[in-house]
Amino acid sequence: MIIKKYIYILVILVSASAWAQVNFDAKVSKNKLGVNERLRIDFEMNQDGDNFVPPDFVGFTVVGGPNQSVSNSWINGKRSFKKTYTYFLAPKKRGEFTISQATISIDGETYKTTPIRIQVTAAVDIPKDPNDPTYLASENIHLVAEISKTNPYLNEAITVVYKLYVSPKIAVDNWNELDTPRYNDFWSQNINTQGQKVQNGTYNGEDYRYLVLRKTVLYPQKTGKLNIEPLTLDISMRVPSNRRDIFGSLLMTRINRTVSAGNKTINVKALPEKGKPVDFTGAVGDFDLNVTASKTELDATESLQVKVNVEGNGNLKLFKLPKISLPSSLEVYEPEHSENVKTNLAGMQGSITDSYTVVPQFKGKYPIPSISFSYFDLKTESYKRLSSNEIVINVLNGPSNNASSNESAVTANNKQAVVLNSDQFAFIKTKTNFVDAKTEYFFKTKLFWSLLLVPFLAIPLAIFIRKKKVARDADVYGNRIRKADRLARKYLSNAKKSLGQKEAFYIALEKALHNYLKAKLHIETSDLSKDKINNLLDDKGVEASVIKDFESILERCELARYTPIDIVTMQEDYEKAAKTISLIDKQAR
């Protein structure tokens, strides 16, 4: 008989412990999905908790949530409770990803979910359901990359214009770039598209609205088949549903969709070898050559500027200008390169210039020989050569150069002979800075003794701080109150940051109010009933009107999840909550 009693007691204890067990789990709608599908994940608990912290969702974009739901029921005298946080995720790319642990605090203990592995495959076919918002979005929004030419020559300009076509049936709220093309094997230049307006056009024979998102000029740097990476956008939009309001108008459903312009391939042709000049440096387009001198008559040791200029339309930044060859009696400095180039949908337009500084050393006449420049003309698909006129520099006054019998000789390798003049030692410094030879040591200086004594002086301060910390750590009750107070300020701050997002705002506001009561009234979450809060605040001496305002805010937090709320109302609720908390602090004894 005694053994049976012990068995009954053991069964009752096991049942009670099983009922008190806390469950906190993560559940997903599927473990394998396509890159164009959505994933739902639910975080469920069987007891109410605080400070829910979701995982970081690496490899996914949160497109919906958090949505919170609570179920509380009594069946045959047994209480059943379930609280759920729901998120909707969109994968960023293919691969295997792990959704890490979520955490929550229940009765002072921290609980964590089990990590979940998700496999993301290539895009899958989505059923063509005319009532499915995702299908409607895929049929009524398109991102298109328009390429001006698919078989250009090497270094010939082509343009890529990205247009977003949107059907009048849907409305786009916002978009952001998920993946930006990198244009490998191209020289690229983006063209400013700010201020672009929505235009009307057609797509596949149907009326659409479109917006130009990006314009890019490309110059291929390799021959053969080159890949142009796609532009990918995440778009927030509203599509019509199969439901109507009381006035008969279609209700709109808000969804997020990822759209891509798709990969594009162009076939780059090599420049013809037939007729290619020996001095060709890769210029492709339509150009003019100009060689000018700032003056043609001057005295020795004076300077002049010789400019080699190429202007026109083509790959101006992608080739080198021809060099000038001068007589050895002219001292020439390295040229200064300048560019005045603008890029539009027609490619580069403008001019590039090399400016040489020339200083003659002796009296006489010196010719600057003609130079030539060759380029590939796209209009005639042939090579052309431009040549400059010869320029003669007349040096009127200066010493005679008797060492040279031919002053017009041009060095073959474009290197100028060194000619001595009266300023040949001008580079030697005539001033210097002297440094004291006496070395000053750090040992036994004032700074040395100060740094040596500071640690000993800091010991009493460290002992005092440690005692304060030990006393504060021993105050378990006070630490609990301070922790709850910090959480209230934290959640109130989170509520302010979430203004405009109804679900997140009222969840944060409700948590702030609960944690404030826990700190002020010294009660736990399970004791937060309406009557008990009313009695405790009344015992503290808080006015009835303030208590009523506090209760109305809590009720507003519960009802706001199921009613439409605008940002003005959210702001008013936030200010009312802050004012009520302040009044309770002032009135409570």
Side-chain angles (χ1 to χ4, degrees), residues 143-163 177 179-194 196 212-232 261-290 308-323 335 337-354 372-386:
L143 181 59
V144 179
E146 297 180 353
I147 301 178
S148 61
K149 192 172 185 179
T150 57
N151 58 338
Y153 278 104
L154 181 70
N155 269 316
E156 180 182 358
I158 63 173
T159 58
V160 182
V161 180
Y162 295 94
K163 295 181 179 179
E177 292 187 5
D179 191 13
T180 303
R182 289 185 288 270
Y183 304 120
N184 297 327
D185 302 323
F186 293 91
W187 183 96
S188 63
Q189 174 70 54
N190 290 326
I191 299 175
N192 185 14
T193 57
Q194 292 184 354
Q196 293 283 337
V212 176
L213 301 181
R214 180 189 287 262
K215 298 179 181 179
T216 305
V217 177
L218 303 176
Y219 284 86
Q221 301 299 293
K222 289 174 59 177
T223 59
K225 292 184 178 181
L226 302 184
N227 180 54
I228 298 179
E229 295 182 351
L231 174 66
T232 304
N263 281 292
K264 302 293 182 181
T265 302
I266 65 170
N267 188 19
V268 182
K269 298 181 293 184
L271 297 176
E273 293 294 329
K274 182 179 180 181
K276 180 184 288 188
V278 178
D279 60 349
F280 178 71
T281 59
V284 177
D286 185 13
F287 305 104
D288 290 321
L289 173 67
N290 294 296
V308 179
N309 173 270
V310 171
E311 61 180 7
N313 185 354
N315 60 335
L316 287 163
K317 296 183 179 181
L318 304 177
F319 62 83
K320 294 182 178 180
L321 292 172
K323 301 291 185 180
H337 185 77
S338 61
E339 298 177 351
N340 182 19
V341 180
K342 295 181 179 180
T343 305
N344 53 30
L345 288 180
M348 300 186 204
Q349 295 179 346
S351 64
I352 57 174
T353 304
D354 279 348
S372 63
F373 169 71
S374 58
Y375 68 94
F376 183 76
D377 188 1
L378 293 170
K379 295 179 181 178
T380 61
E381 297 188 353
S382 62
Y383 294 97
K384 289 187 177 181
R385 178 179 294 278
L386 303 174

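Since we're looking at a predicted model, the values are computed, not measured. The first residue in the sequence is number 1, and the count goes up from there.
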Checking [X] side chain against [Y] main chain: does a donor-acceptor pair fall under 3.5 Å?
{"X": "S188", "Y": "Y183", "result": "no"}
{"X": "E339", "Y": "H337", "result": "no"}
{"X": "Y219", "Y": "M348", "result": "yes"}

Stepwise side-chain hydrogen bond (donor to acceptor under 3.5 Å, both in side chains) check, T216 with N190: CA-CA 4 Å; T216 305; N190 290 326; 2.8 Å; yes
Intermediate values then yes/no, side-chain hydrogen bond (donor to acceptor under 3.5 Å, both in side chains), N151 and N267: CA-CA 5 Å; N151 58 338; N267 188 19; over 6 Å; no
Inter-residue atom distance [X].[atom1] - [Y].[atom2], 0.5 Å rounding:
{"X": "R214", "Y": "K163", "atom1": "CZ", "atom2": "NZ", "result": "16.0 Å"}
{"X": "Q349", "Y": "K342", "atom1": "CD", "atom2": "NZ", "result": "9.5 Å"}
{"X": "T193", "Y": "I191", "atom1": "OG1", "atom2": "CD1", "result": "9.5 Å"}
{"X": "N309", "Y": "N290", "atom1": "CG", "atom2": "CG", "result": "5.5 Å"}

side-chain contact (heavy atoms from CB on, under 4.5 Å) between L143 and L213, intermediate numbers included: CA-CA 9 Å; L143 181 59; L213 301 181; 3.9 Å; yes
Set of salt bridge (charged side-chain N to carboxylate O under 4.0 Å, His left out) partners for K276, sequence neighbours left out: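 Residues passing salt bridge (charged side-chain N to carboxylate O under 4.0 Å, His left out) with K276: E273.
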What are the two closest heavy atoms between [X] and [Y], and how far apart are they?
{"X": "P220", "Y": "V268", "result": "CB-CG2, 3.7 Å"}
{"X": "T159", "Y": "L345", "result": "CG2-O, 2.9 Å"}
{"X": "T380", "Y": "S382", "result": "OG1-OG, 2.8 Å"}
{"X": "V308", "Y": "L321", "result": "O-CD1, 3.6 Å"}
{"X": "N315", "Y": "G282", "result": "ND2-O, 2.9 Å"}
{"X": "F287", "Y": "L386", "result": "O-CD1, 3.4 Å"}

Hydrogens and angles aside, do [X] and [Y] bring a side-chain donor and acceptor to less than 3.5 Å of each other?
{"X": "D286", "Y": "N313", "result": "no"}
{"X": "S372", "Y": "R385", "result": "yes"}
{"X": "T180", "Y": "E177", "result": "yes"}
{"X": "S351", "Y": "N340", "result": "no"}
{"X": "Q221", "Y": "N155", "result": "yes"}

So, do [X] and [Y] sit near enough that their side-chain heavy atoms are less than 4.5 Å apart?
{"X": "K323", "Y": "P335", "value": "yes"}
{"X": "L218", "Y": "I228", "value": "yes"}
{"X": "V284", "Y": "L378", "value": "yes"}
{"X": "P277", "Y": "Y375", "value": "no"}
{"X": "D288", "Y": "V310", "value": "no"}

From CA spacing to verdict: side-chain contact (heavy atoms from CB on, under 4.5 Å), I352, S338: CA-CA 6 Å; I352 57 174; S338 61; over 6 Å; no
Salt bridge or not between [X] and [Y]? Use side-chain N to carboxylate O under 4.0 Å.
{"X": "K149", "Y": "E156", "result": "yes"}
{"X": "K215", "Y": "E146", "result": "no"}
{"X": "K320", "Y": "D354", "result": "no"}

side-chain contact (heavy atoms from CB on, under 4.5 Å) evaluation trace for D179 with L231: CA-CA 6 Å; D179 191 13; L231 174 66; over 6 Å; no
Validation row, ring centre Y383 to ring centre F280 under 6.0 Å: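 Yes, ring centres under 6.0 Å apart.
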Pair Y153 and F376, ring centroids less than 6.0 Å apart: yes
K222, NZ: over 12 other non-hydrogen atoms inside 6.0 angstrom: no
Criterion side-chain contact (heavy atoms from CB on, under 4.5 Å) against L226, the qualifying member of I266, T265, N184: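 In the set I266, T265, N184, the residue that makes a side-chain contact (heavy atoms from CB on, under 4.5 Å) with L226 is I266.
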By ring-ring contact (aromatic ring centres under 6.0 Å, His included) - contacts of F373 (at least two apart):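 Per chain and number, F373 pairs via ring-ring contact (aromatic ring centres under 6.0 Å, His included) with F319.
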Trace of the side-chain contact (heavy atoms from CB on, under 4.5 Å) decision for K317 with V341: CA-CA 8 Å; K317 296 183 179 181; V341 180; 4.0 Å; yes
